[in-house]
Amino acid sequence: MPELPEVETVVRMLRPRLEGRMLTGVHVGPRRLRVPWQRRWNARLIGRRLAHVQRRGKWIVIDLALPESGDALLVHLGMTGRLILAEVGAPTAPHTHAVFHLDDGKQELRFLDPRRFGLIRYLAAPERARLQSTAALGPEPWQLTTANLAAQLARTRRCLKAVLLDQRVLAGVGNIYADEALFEARLHPGRIARTLARQEVERLRCAVVRVLERAIRKHGSTILTFYYGDDEHGEYQNEFRVYGRQDQPCRRCRTPIAATRLAGRSTHYCPQCQPLP
DNA sequence: ACAGGATCCTGGGGGC
DNA sequence: TGCCCCCAGGATCCTG
């Protein structure tokens, strides 16, 4: 469930604590991960300084400093992944798959993921560069122009929900914020993308940005397992307009929120505020 | 070519 | 109370 706001929250927590630190050791557990850890990555990582902690869509990119450069440690939180700083010697929580020792000797970076939908891997410079470009992963929502979005919507018969979830269109939106953004834009999630008028495209683009910014200010949403820091959790789940609010009154018009399934995902909307033309 | 579906995984919740 | 089944979801691969 970590989407852009949750990942951004984690990155902002880690950045001041990790940047400038050196990796002094790597320990990866025996459980098989989605991308199996390769032993040769250890040599690529140990002795390297962490230059920048960044977010790209839902990906956490920890860039490595000289002597090589352009390579990185890449993390995706999947559904239940957590990247935390723990005191050295603190009890290891269940489902801890990787531990990175740091040169300050006080804290270590741990990757936990009960459901193992997440991913942690070393990323060589060419792949790191590709992740930065918009070739494989679409632009950050703030970089997306109305013209770009309009062009992408015009060339597909998919519904809006499916398009918003497509990371090649724009990076970082997942199931929760897709529903919330469509409510904000007053657009039905089942609307066929290519039928949008120009002003509706602009409304959608603004709504995505506005919802994400609001969620970042609230440190994301915590449902079951999202935490940043030790046990600090997001507060945006209290602001949901539609997600998870099936049969509850719309906060705008009191009409019961509807739930359906689109693009293989649970989808929530207000039938009154988000009508199909 | 494009769109939709299956797949991975496990804790938690609902139902009986 | 206890057990079982099903559900949640991002990215990727597969099928029609």
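These numbers come from a predicted model, not from an experiment. Just so we're on the same page: letters track the sequence lines, and every chain starts at 1.
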Is A:L276 isolated, or which residues cluster with it under the ILVMFWY side-chain rule of less than 4.5 Å, directly or via members? none
Between A:R261 (CZ) and B:dG4 (P), how many Å, whole number? 14 Å
Can you tell me whether the side chain of A:R115 and the base of C:dA8 have a donor-acceptor pair closer than 3.5 Å? yes
Starting from P on B:dG14, measure out to CD on A:Q246 and report it in whole angstrom. 13 Å
So, under a plain 3.5 Å distance rule, would you say the side chain of A:R265 forms a donor-acceptor pair with the base of C:dG10? yes
What donor-acceptor contacts under 3.5 angstrom involve side-chain atoms of residues 150-160 of chain A, with partners at least two apart or in another chain?
| unit_1 | atom_1 | unit_2 | atom_2 | d |
| --- | --- | --- | --- | --- |
| A:Q152 | NE2 | A:N148 | OD1 | 3.1 |
| A:Q152 | NE2 | A:V169 | O | 3.3 |
| A:T156 | OG1 | A:R158 | N | 3.0 |
| A:R158 | NH1 | A:D166 | OD2 | 3.3 |
| A:R158 | NH2 | A:D166 | OD2 | 2.7 |

Check every strand shown and say whether A:G174 touches a base, only sugar-phosphate, or nothing at a heavy-atom separation below 4.0 Å. sugar-phosphate
If the cut-off is 4.0 Å, is A:H76 near the phosphate of C:dA11, judged by side-chain N/O to OP1 or OP2? yes
Any donor-acceptor N/O pair, A:R116 side chain to A:L33 backbone, under 3.5 Å: no
Just to confirm, is there a sub-4.0 Å distance from OP1 or OP2 of B:dC9 to any side-chain nitrogen or oxygen of A:H95? no
Atom-to-atom span, CG of A:L165 to C1' of B:dC2 - whole angstrom: 17 Å
Given C:dA11, B:dC9, C:dA8, identify the nucleotide with an atom nearest to the side chain of A:Q167. C:dA11
Ranking B:dT10, C:dG9, C:dA11 by distance to the side chain of A:R116, first place goes to B:dT10
With heavy atoms under 4.0 Å as the rule, sort A:R32 into base, sugar-phosphate or nothing. nothing
Salt bridge present between A:E127 and A:R121 (N-O < 4.0 angstrom): no
Salt-bridge contact A:R191-A:E200 (side-chain N to carboxylate O under 4.0 Å): yes
Separation of B:dG4 atom P from A:L160 atom CG, nearest Å, is 12 Å
Without decimals, in angstroms, what is the distance between A:Y243 OH and C:dA8 P? 8 Å
Measure the angle between the two terminal helix axes of the helix from B:dC2-C:dG16 to B:dC16-C:dG2, five base pairs each, and quote it to 10°. 60°
Between C:dG9 and A:S266, is there an OP1 or OP2 to side-chain N/O distance shorter than 4.0 Å? yes
Here the residues of residues 146-159 of chain A within 4.0 Å heavy-atom distance, strictly under, of DNA chain B are A:T156, A:R157, A:R158
Report the residue (A:R34 or A:A162) whose heavy-atom-nearest nucleotide on DNA chain B is the more 5′ of the two. A:A162
So which residues get pulled into A:V242's cluster when ILVMFWY side chains under 4.5 Å apart are joined, directly or through others? A:F183, A:I257
Mind checking whether A:R128 and A:L74 have side chains closer than 4.5 Å, heavy atoms only? no
Pairs where residues 12-27 of chain A contributes a residue and the test side chain to side chain donor-acceptor pair (under 3.5 Å) is met, not counting sequence neighbours: A:E8-A:R12, A:R21-A:D103
Looking at A:R203 and A:E184, is any side-chain nitrogen of the basic one under 4.0 Å from a carboxylate oxygen of the acidic one? no
Between atom CG in A:D166 and atom P in B:dG5, what is the gap in whole Å? 16 Å
Indicate yes or no: at least one non-hydrogen side-chain atom of A:V10 is less than 4.5 angstrom from one of A:V75. no
Atom CG of A:L33 and atom P of C:dA11 are separated, to the nearest Å, by 17 Å
What is the distance, to the nearest angstrom, from the CZ atom on A:R82 to the P atom on B:dG11? 15 Å
Tell me whether A:F117 is stacked on the nucleobase of C:dA11, counting only the six-membered base ring and applying the 5.5 Å and 30° thresholds. no
